[in-house]
Structures are given as structure tokens and as C-alpha cells.
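What follows is a single structure, written as C-alpha cells, with notes after it.
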Amino acid sequence: MDFKTLSAPKEGLAAVAADALLLVVTAAAPTEALPGPLGAALKAAVDAGDLTLKAGQQLYLHRVAGVKAARVAVAVAADASVAAWRKALAAGVALLKAGGTRHLAVALAGAEPTDAHAEALVAVVADQTYLYRHTKPSAPAASALAKVSLVADKSAALDGGLRRGQAIAAGQTLARELANRPGNHCTPTHLAAEAKGLAKAHGLKVEVLERKDVEKLGMGAFLAVAQASHQPLKFIVLRWNGAAKSAAPVVLVGKGITFDTGGVSLKPAPEMDEMKFDMGGAAGVLGTLRAVAELRAKVNLVGLIPSCENLPSGRSVKPGDVVTSMSGQTIEILNTDAEGRLILCDALTYAERFKPAAVVDIATLTGACVIALGHHRTGLYASTDALAGELLSAGERGGDLAWRMPLDAEYDEALKSSFADMGNVGPRAGGSITAAKFLQRYAGAYDWAHLDIAGTAWKSGAAKGGTGRPVPLLTHFLLARAG
Ligand code: BES
Ligand code: MN
Ligand code: ZN
């Protein structure tokens, strides 16, 4: 897809040469802002009761007299904010992406778009034109859409936004695609191969640790989860060196459970297929590395992905088993379905060797987080207010929102065990928080944050599929750190 900025011809939007024109108007005073044939058509539609100037409304018009573009869609936004623009675009692009539109021109009536509007436009188009084909080659032909132009007066200023949008969208699409691949295709070995391919294409360093390496490191918690599966575990290490060698890196740790049955603490059958998405954190790390490398961001970044399956078998770890983590702390595995924290804790200890500026782990960690926050905001935990603030505002900039959750010491008591330094679960109440408290016990050596993406990494139901979140949040966080 080709994204460009376009200065409107002096005759106005009606003269823009494109197959389709998407006009986003704000609910307040749009008709005055639009002179000429488009303004007349809009006024006529409103007068006829075919369009209400309320956020969320839209109208498709074919061959409007005096307008060069054969197809016109009008989408009403609540205001000129990026969030409202994003929503209106989603509705408008849906009306125009099918059919004969190859070149789509998009304009915001009555306000100048910013680089953030440009970035959001790319995100919406990428989202709406993505098609899963990996195990469904018969999927319908991709949309004919090949070129999208953002019409604006000062179009040069928006090129940066389009460029950033394209890198983020490519990373987000990668994360989404990997998450969508079924567990029998997207194995730990497959993720490792994808990481190697990514490294080769984008100038990253990559190293894949095997079982024997992980044994040597003493990652007893990770090994316990992986021990039942016939698929070999992988511990993927990726590096992007965009800053001076002396600059401490940010480390991203992504949960890479390529299928989570729960193990001996078996999950119920309904919706268990969705546990192929349990590598969403790993996918987010890969997607973010892609975006950061494509933008050649001046930051040092390490991606760590512990990856394995969580299965029941005669070799499975059992409830009550005690394992020794790489940190030396012992863990009583009371529930084998709380496996994410077990593979992450060893990766958090491994992260110490990079003397990181900050470590952020990303995981589809708890069903409890879905109960707490639903599917809109990611759960954010952070050891410092400054890091929390950085991540929250990065989410705002990327349209990929998070919400801060507490880490009070009182929650830690739930992890007490009679037979080990800690159990791996607490009671049902506050389950997302106790999972974070568990991880915090391994993250004392650096500034640390944890993103619980259980509610945001994928969608269920008719539109089932990965979202590629939190690639926009993480990329904005890193771009801000890169200065
Ligand atoms: N991958 C799941 C978390 C999950 C469940 C994400 C459902 C999205 C939807 C994780 O490994 C898990 O099973 N967590 C348990 C923890 C519990 C045993 C303390 C959970 O949330 O039920
Ligand atoms: Mn589980
Ligand atoms: Zn899991």
C-alpha cells in the first residue's frame, strides 16, 4: 500500500483525482466548511434526512455532480481529535475499501490534520485491509486498494506521520498474523524461524537458546512448563542497536506460549482454541522490534521470548511440584494453568545481564484482567510512576490504551506457600494483581513494567483474530525514549 500526502487542488476537494473520496466532517458546522459541489451534496443529504450530523453517522454517494471522484463517503466525527478521526475513518474506509477503489483520497473538513491524524489513517487502512491467508488460501481476494492519499494544505508536515504509521502498522500486522496462526503451525520453532527471518530482513541480531542452554542457565520454572510437550522449547533473544553502545537498553519480554491447554490443571473445552493466542506477548515483541528497526530508532532494544507449549502428558509438571527458578527462588506450582508467570520469571532474571534502563514484559497473563478491564484497555503495572506515565501516554499517542493497576504489598501475601518461597497462584480475587506481584519478585534489579494483554491481544466471536496490540503503545514508548 502506498501512502502519500496530497495538497488539494485550488478548485478544492471536488477536483481531487482519485477513485474515491472519504470526507470526515465534524459534527459541528460542517456545511460552512465545505463550499462547492461537495458542500451542496452534503447539505442536500442533511436536508433530506439521509445524513444526521452526529458522530458515528456515515453516507455513501455515487457520482456526485461536479465531483471528480466517482465514489464519495461522508463520515461524521464527534470532533477533530485523533480519537474521533480514527472512529470516523474506520466507518468510512469500510464503505469504500471494496469494489473498484484503487486510489482513495481522505480529507478532514474544517480542520488541519496533524501527523498523529496521518499515523491513525495508516493504522485504520492497515487494519481494514488485513486478510488472514496462512491456513486459508481460499480467503477472498484482497481489496483493490493500492494507494491512499491524505489531502491537506500543509501536506509536507504529515509525511513523518505516514512513515511512522506504516512502520507501526507493519509491526502490528506481523503481530496479528503470528497470533492468528494455529498452534500446530505457530510452534516455538516457528516463532524462532520468524525471529530469524525478521533479524535478517531488518538488521537485528538474533540468538535462539535451546533446551540444553536453558538447562545450563537453571531456568527451572520455564523448563517445568515446557517438559510435557513434544515441541522443543525456544528462548529467543533479539537485539536492535540503534543508539551508542554505552546506552543501557530497554528489554521487552514476551510470553510465548504457543498453546495453553492449562496442563494437568486442564482448561474447560469451550473457547480453548483461543489459547493459540497465548503467544500474543511474543508476537507483540516481534512486531515492535520490526517497527523500531524500520524507523531506525535511536534506542537500544532487547527482545526476550521464552516459548513453549503448556500440555498435559505423562511428563507433565503436577500441582504441588516445587521447582527452582533461575533466580534461586523456589516455586510451588499449585496450578499448572498459571504457566505464563513461570516462563516469564526466568526471562526476567535473564534480563538482568543486559543492565537494562527498563524492562517491560507483555503477556496474555490472566483471565482476571479481562474481568477487570474488559477488551479496551491493557492492564499496566509499573514499579515507578515515571515509567507508568511514559507507557500510559505512549498508549494515548498510539490509540492503544492502557490502565494502571496497583502493586500494593498486601497483595503479595496471597503467594505464601508452606513448601516453597512462593506459590504460583493466589485466590481468584485480584488474580491479575497477584500475577503481577509474582513477576515483581523477579524484577527487583531494574525499573520494571508489566502489560497484561489478556483482554486486548485478540478478539473473540465473529471477528475472531489477533489485534496486534500493544505494538503501537510499545513503539511510541520506545520512540519517545529515542528522543
Ligand atoms: N493464558 C491464560 C490467561 C487467559 C485466560 C488469557 C483466558 C485470556 C483469556 C493463563 O495462562 C491462565 O490460564 N491464567 C489463569 C491463572 C489462574 C490459574 C490463576 C487464569 O487466568 O485463569
Ligand atoms: Mn494458563
Ligand atoms: Zn497462558
Side-chain angles (χ1 to χ4, degrees), residues 179 183 186 188 191 221-222 224-229 233 253-284 305-312 316-321 331-347 361-379 381 405 411-412 414-417 422-439 450-461 464-467 469-470:
C186 186
L191 280 183
F222 179 27
V225 177
Q227 75 194 29
S229 171
L233 68 80
V253 180
K255 173 179 173 183
I257 295 290
T258 58
F259 197 82
D260 181 13
T261 66
V264 166
S265 313
L266 193 65
K267 286 183 181 295
E271 277 106 56
M272 206 211 273
D273 64 292
E274 296 190 3
M275 283 298 115
K276 72 172 182 177
F277 296 120
D278 212 16
M279 35 55 75
I305 297 174
S307 181
C308 66
E309 294 182 323
N310 185 24
L311 294 184
S316 288
V317 68
K318 306 172 295 300
D321 285 0
I331 306 162
E332 184 184 13
I333 300 180
L334 291 162
N335 189 323
T336 65
D337 197 12
E339 84 298 339
R341 61 199 78 180
L342 296 173
I343 72 170
L344 292 171
C345 72
D346 282 338
D361 75 70
I362 305 101
T364 49
L365 202 63
T366 64
C369 190
V370 189
I371 302 300
L373 294 175
H375 301 286
H376 297 297
R377 288 190 188 246
T378 291
Y381 296 84
M405 302 280 283
Y411 290 104
D412 198 69
L415 296 171
K416 277 194 182 130
S417 158
M422 70 201 78
N424 75 328
V425 291
R428 263 164 60 85
S432 173
I433 309 171
T434 42
K437 290 305 288 182
F438 180 97
L439 295 176
H450 159 58
L451 295 171
D452 193 333
I453 57 169
T456 53
W458 77 90
K459 291 186 173 130
S460 310
K464 191 188 286 185
T467 60
R469 293 178 67 182

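Both counts, for ligands and for their atoms, begin at 1 and track the order of listing.
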Tell me the protein heavy atom at minimum distance from [atom], and give that distance in Å.
atom	result
atom 2 (C) of ligand 1	D260 OD2, 3.6 Å
atom 16 (C) of ligand 1	R341 NH2, 3.8 Å
atom 18 (C) of ligand 1	N335 ND2, 3.4 Å
atom 10 (C) of ligand 1	L365 O, 3.3 Å

Enumerate the atoms of ligand 1 whose separation from the nearest heavy atom of [X] is less than 4.0 angstrom.
X	result
K255	1 (N), 10 (C), 11 (O)
A454	6 (C), 8 (C)
E339	11 (O)
V425	19 (C)

Is [X] close enough to touch ligand 1? Criterion: a residue heavy atom under 4.0 Å from a ligand atom.
X	answer
W458	yes
K267	yes
M275	yes

Kindly give the atom name of the N, O or S atom of [X] closest to the Zn ion (ligand 3).
X	value
D260	OD2
E339	OE2
D278	OD2

Is a side-chain N or O of [X] found less than 3.5 angstrom from the main chain of [Y], in a donor-acceptor match?
X	Y	value
T467	T456	yes
S265	N335	no
D278	I257	no
T261	N310	yes
N424	A338	yes
D321	K318	yes

(request) Consider every N or O of D337 and every N or O of ligand 1, then say whether any pair is closer than 3.5 Å. (result) yes
(request) Would you check whether G367 has a nitrogen or oxygen atom less than 3.5 angstrom from a nitrogen or oxygen atom of ligand 1? (result) yes
(message) Tell me the contacting part of E271 for ligand 1: side chain, backbone, both, or neither, using a 4.0 Å heavy-atom threshold, strictly below.
(response) neither
(message) Heavy-atom pairs closer than 4.0 Å: do any link ligand 1 to the side chain of I257, the backbone, both, or neither?
(response) neither
(request) Examine D337 and say whether one of its N/O/S atoms is closer to the Zn ion (ligand 3) than 2.8 Å. (result) no
(request) Could you tell me whether the Zn ion (ligand 3) has an N, O or S atom of K255 under 2.8 Å away? (result) yes
Less than 4.5 Å apart, any side-chain heavy atom of [X] and any of [Y]?
X	Y	result
L233	F222	yes
E339	V317	no
T434	V425	no
F438	L342	yes
L311	S316	no
C345	I331	yes

(request) Considering only protein heavy atoms, determine whether one is less than 4.0 Å from atom 14 (N) of ligand 1. (result) yes
(request) For residues P319 and V264, report the shortest heavy-atom separation together with the two atoms involved. (result) CD-CG1, 3.9 Å
(message) Please give the atom name: the N, O or S atom of D260 nearest to the Mn ion (ligand 2).
(response) OD2
(message) Checking K255 against D361 for the salt bridge (charged side-chain N to carboxylate O under 4.0 Å, His left out) test, could you report, in this order, the C-alpha distance in whole Å, the side-chain angles of both residues, the deciding distance, and whether it holds?
(response) CA-CA 8 Å; K255 173 179 173 183; D361 75 70; over 6 Å; no
(request) Using the Mn ion (ligand 2) as the apex, give the angle to atoms OE1 (E339) and O (D337), rounded to 10 degrees. (result) 70°
